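See below for the structure under consideration.
Here is the naming used below: chain letters follow the sequence lines, and residue numbers restart at 1 for every chain. Just the heavy atoms: all of them, side chains too, but no hydrogens, waters or symmetry mates, feed the values below. It should be emphasised that the depicted structure is a prediction, and the values quoted were computed from it without experimental measurement.
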Amino acid sequence: MILTGFGDEVSLKHLIKAQKRLVQSASYKSLERSPNLIAGIDVAYTRDGLFGVAGIVVMKFPELQVVEEVVEKQRVCFPYIPGFLSFREAPLMIKAFRKLKHKPDLLFVDGQGTAHPRKAGIAVHLGVILKIPTIGCAKKPLLKSFSMPEDLKGAAKPIFLEKEQVGWVLRTKKGVKPVFVSPGNLITLEETLDYTLKTTTKYRLPEPIRLAHQLCSQVKKY
DNA sequence: GCGACAG
DNA sequence: ATCTTGTCGC
């Protein structure tokens, strides 16, 4: 059983059922329209671990110029459990998303999409709830079935879940560790690779995510 | 049973 | 995730 910040408890079985419902609502067809606005979202925590701060940065695409930034702070009310990250961070992220004046056509989420044991990464959860295209971009893998891509920007290798490809290990910069990208909702594996590269400039992470991380990380400081 | 384990 | 400065290498 898991204790939440509301004083109640939930079982892992219940959470797994919730993930299965979310996964059934996800779709992986091609993007309906080319994006004009792309955003990145991330969460940072205060030192005492009591509060979480979500940050979203919306950028014009393909220019990558910042159009809007929002942050939302809230008390943490769910523990971090590998495989169930979205139950801890999605509520706060959704609350921050509601404050946006400019809704993005594509959202990069800091974490996995379908490259997850049950294809239920946080990018899937957010994409289904918000009903928008999302891409999960993580700094570390959850699934281990993949080989390393060569050390060249753009090199990629598939990530598998039971023989089925669910994501990519992508080298976004030469001489730097790769990132782990996978579709969250309303986007294909090919487009996931394409847009991740199109939004990555001189750093390891795609600009929307890099700036969102910078934003919430700065705001949570005290 | 043991080890691994997004943020 | 968070606590933290300098330092090695391209």
Side-chain angles (χ1 to χ4, degrees), chain A residues 2 4-5 12 15-16 18-19 22-23 26 40-56 71-97 107-128 134-146 150-153 155 159-161 166-185 192 196 202-206 208-222:
Chain A
I2 301 162
T4 78
L12 271 190
L15 296 182
I16 290 175
Q19 291 186 322
L22 287 167
V23 169
I41 185 167
D42 188 26
V43 173
Y45 296 89
T46 50
R47 307 188 172 198
D48 55 23
L50 294 177
F51 291 84
V53 176
I56 303 178
V71 293
E72 181 67 38
K73 181 177 180 178
Q74 189 179 72
R75 286 205 61 136
V76 169
C77 55
F78 202 87
Y80 166 64
I81 303 172
F84 300 89
L85 172 68
S86 71
F87 295 102
R88 174 179 172 82
E89 302 190 339
L92 175 55
M93 289 177 157
I94 292 167
K95 193 173 177 185
F97 191 86
L107 177 66
F108 275 92
V109 185
D110 193 14
Q112 318 290 345
T114 52
H116 175 284
R118 292 170 295 283
K119 301 186 187 179
I122 189 168
V124 174
H125 190 137
L126 276 185
V128 168
T134 58
I135 289 175
C137 179
K139 297 176 289 301
K140 292 190 290 188
L142 200 44
L143 296 180
K144 304 297 187 181
S145 185
F146 62 81
E150 60 178 323
D151 191 16
L152 274 182
K153 176 170 182 173
I159 295 175
F160 295 100
L161 173 61
V166 292
W168 303 94
V169 180
L170 172 64
R171 192 80 67 175
T172 51
K173 183 174 164 50
K174 177 177 167 58
V176 172
K177 291 185 297 182
V179 294
F180 304 81
V181 296
S182 54
N185 190 33
T192 292
T196 298
K202 54 192 302 189
Y203 301 99
R204 181 191 181 209
L205 300 176
I209 290 250
R210 191 178 71 80
L211 295 181
H213 180 277
Q214 208 174 271
L215 176 63
C216 59
S217 180
Q218 175 196 321
V219 172
K220 66 95 185 182
K221 272 181 171 280
Y222 62 89

*Rounded distance (Å) that lies between atom P of B:dA6 and atom OH of A:Tyr45*: 13 Å

*Would you indicate what A:Ala115 reaches in the nucleic acid, counting non-hydrogen atoms under 4.0 angstrom: base, sugar-phosphate, or nothing?*
nothing

*With a cut-off of 6.0 Å (strictly less than), are more than 12 heavy atoms of other residues, nucleotides or ligands near NZ of A:Lys153?*
yes

*asked:* Rounded to the nearest 0.5 Å, what separates atom NE2 in A:His213 from atom CG in A:Asp110?
replied: 6.5 Å

_Under 4.0 Å, heavy atoms only, any strand: does A:Lys174 hit a base, just the sugar-phosphate, or nothing?_
nothing

_Can you tell me how the ring of A:Phe78 sits relative to the ring of A:Phe87, calling it parallel under 30°, perpendicular over 60° and tilted otherwise?_
tilted

*Pick from A:Lys119, A:His116, A:His125: which one makes a side-chain contact (heavy atoms from CB on, under 4.5 Å) with A:Gln19?*
A:His116

*asked:* Is A:Tyr80 stacked against the base of C:dA1, taking the criterion as centroid distance under 5.5 angstrom and interplanar angle under 30°?
replied: no

*Establish, with yes or no, whether the OP1 or OP2 oxygen of B:dA6 is under 4.0 angstrom from a side-chain nitrogen or oxygen of A:Arg118.*
no

*Take atom CD1 of A:Ile209 and atom P of B:dA6, then tell me their distance rounded to the nearest Å.*
16 Å

_Tell me the interatomic distance from A:Lys140, atom NZ, to C:dA1, atom P, rounded to whole angstroms._
7 Å

*When we call it a touch if two heavy atoms are under 4.0 Å apart, what does A:Asp42 touch: a base, just sugar-phosphate, or nothing?*
sugar-phosphate

*Provide, to the nearest angstrom, the distance between the NZ atom belonging to A:Lys177 and the C1' atom belonging to B:dA6.*
13 Å

_Over all strands shown, is A:Gly83 touching base, sugar-phosphate only, or nothing at heavy-atom distances under 4.0 angstrom?_
base

*Are any of A:Arg47's side-chain N or O atoms less than 4.0 Å away from OP1 or OP2 of C:dC3?*
yes

*With respect to the phosphate group of B:dC5, does any side-chain polar atom (N or O) of A:Lys144 fall under 4.0 Å of OP1 or OP2?*
yes

*Per A:Lys220 side chain, nearest of listed nucleotides B:dG7, C:dT2, B:dA6*: C:dT2

*asked:* Expressed as a whole number of angstroms, how long is the span from A:Leu92:CG to C:dA1:P?
replied: 15 Å

*asked:* Please report the distance, rounded to the nearest Å, between CD1 in A:Ile122 and C1' in B:dA6.
replied: 9 Å

*asked:* By the 4.0 Å heavy-atom rule, please label A:Phe87 as base, sugar-phosphate, or nothing.
replied: nothing

*asked:* Between P on C:dT2 and CZ on A:Phe51, what's the gap in Å once rounded to a whole number?
replied: 16 Å

*So what does A:Gly121 hit on the nucleic acid, given a heavy-atom distance under 4.0 Å: a base, only sugar-phosphate, or nothing?*
base

*NZ of A:Lys221 versus C1' of C:dA1: gap in Å, rounded?*
14 Å

*Looking only at heavy atoms, what is the nearest atom pair of A:Thr172 and A:Arg204, with distance?*
OG1-O, 2.5 Å

*Is any side-chain N or O of A:Lys139 closer than 4.0 Å to OP1 or OP2 of B:dA6?*
no

